[in-house]
Amino acid sequence: MKRIDLRSDTVTQPTEGMRQAMARAVVGDDVYGEDPTVRQLEERMADIVGKEVGLFVASGTMANLVALLTHAGRGDEVIVGHLAHTFLYEVGGSAALGGIHTCLLPNREDGTLDLGAVDAAIRDREDVHVPRTKLLCLENTHNRCGGSALSVEYVDAAARLARSRGVAVHIDGARLFNAARAQRVAPAELARGADSVAVCLSKGLGAPVGSVLCGSRDFIREARRWRKTVGGGMRQAGILAAAGLYALDHHVDRLDQDHANARRLAQGIAEIPGFSTPQSHPAATAWTNLVYLAIAPSLAEKHGLDAAALSRQLRERGVLASAIGKDGLQLRLVTHLDVAASDIDVALEALRSAARGT
Ligand code: TLP
């Protein structure tokens, strides 16, 4: 039985072409600044997102951590949404290693923060009682908000506000290319208001490892020191960067397929009695490759079908999905490079039979 792995877009296997590109990569010691393939990737990504310089790092978590450590010092404050990946899933690294204070604001369903609330949350610099607000963090696409893509207009407005109050902006763009493809805009447009942006190669782009943090020359000079501090100085990392370059050549436009598959999956889920998904809403145009499924409490009570039970039943049919959230009634299903359109039919059939209790 073929395994259809919808747990995350991080599970992809490098393609044959990608493996060949990795095998052929010209490498050097990147801590000495001598790896030509890493340099090429950093330049290329910086160019794509419209920033001066890029920095290749091991993961999305490291990219965000290094960015936060560079933007803010001990006791400084960073404004972040309550469903942000940096807040929920990055082990509190910025507090643990940087002594950075977090100001949490509620994320709206579409992943945005209310800009009036952001304005009100920015502290008075002259008041000795309060931390200094240094940074506003946005996430695009927003993982826990259903993979929704923030618009250029929203990011620009947030950036204008932050700049007018002397606050920098960082975008966790782990899935920035998904946001760009879904809205038919350039990644640079989505990032133009930000001081720094972190883009993952190992999510929808299908590379095995790595993220690129991009920003101004001065910002990246400091970030490079923080990368070394957290043990992220890699040596012949061009082998990994080559996979990223290959992904930029071959795996960007195809994200449309992932979005189409996710859309069909969401529509199919919405037709199953007892299941629902915000992604099936007809007015929603900026959903991407993440589908969140909610189980109706009545179904859970009648058949004992909570998220854990549903994911077990799916697994028996070869479909893997992640139970997510605190209520025990949500699953996340993610489309990616290794999911074919026909796999969506198999997944939907597995979901239908689980809901029927057969
Ligand atoms: N997200 C993973 C899990 O950690 C939840 C996933 O499967 O979606 N920013 C965002 C928005 C992310 O979704 C992730 C990974 C990261 C940062 C961290 O990237 P890595 O896993 O490379 O450290």
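Remember, it's 1-based here, ligands and their atoms both numbered in the order they're listed.
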Check your understanding: Can you tell me if M62 has a non-hydrogen atom under 4.0 Å from ligand 1?
Key -> no
Please determine if [X] and [Y] form a salt bridge, counting it only when a charged side-chain N lies under 4.0 Å from a carboxylate O.
X	Y	result
D35	R235	no
R225	E222	no
E77	R123	yes
D345	R264	yes

Distance filter under 4.0 Å to [X] heavy atoms, resulting ligand 1 atoms:
X	result
S59	22 (O), 23 (O)
E90	17 (C)
R175	6 (C), 8 (O), 12 (C), 13 (O)
T61	18 (C), 19 (O), 20 (P), 23 (O)
E139	11 (C)

Check your understanding: CD/Q20 to OG1/T15 distance, rounded to the nearest 0.5 angstrom?
Key -> 8.5 Å
Looking at ligand 1, does any of its N/O atoms fall within less than 3.5 Å of an N/O of [X]?
X	answer
R332	yes
S8	yes
D9	no

Review point. More than 12 foreign heavy atoms under 6.0 Å from CZ of R165: is that the case here?
Key: yes
Review point. Checking side-chain contact (heavy atoms from CB on, under 4.5 Å) for the pair L190/N140: CA distance, chi angles, key distance, verdict?
Key: CA-CA 9 Å; L190 286 171; N140 203 4; 3.8 Å; yes
Revision key, fill the gap. Test salt bridge (charged side-chain N to carboxylate O under 4.0 Å, His left out), reference D30, set R224, R227, K228, output is R227
Identify, for [atom], the protein heavy atom at the shortest distance, and state residue, atom and that distance.
atom	answer
atom 19 (O) of ligand 1	K203 NZ, 3.0 Å
atom 22 (O) of ligand 1	G60 N, 2.9 Å
atom 9 (N) of ligand 1	D172 OD2, 2.7 Å
atom 18 (C) of ligand 1	H85 CE1, 3.4 Å

Exercise for review: Would you tell me whether H129 and D127 have side-chain atoms, one donor and one acceptor, within less than 3.5 Å of each other?
Suggested key: yes
Review point. What part of R7, side chain, backbone, both or neither, has a heavy atom within less than 4.0 angstrom of ligand 1?
Key: neither
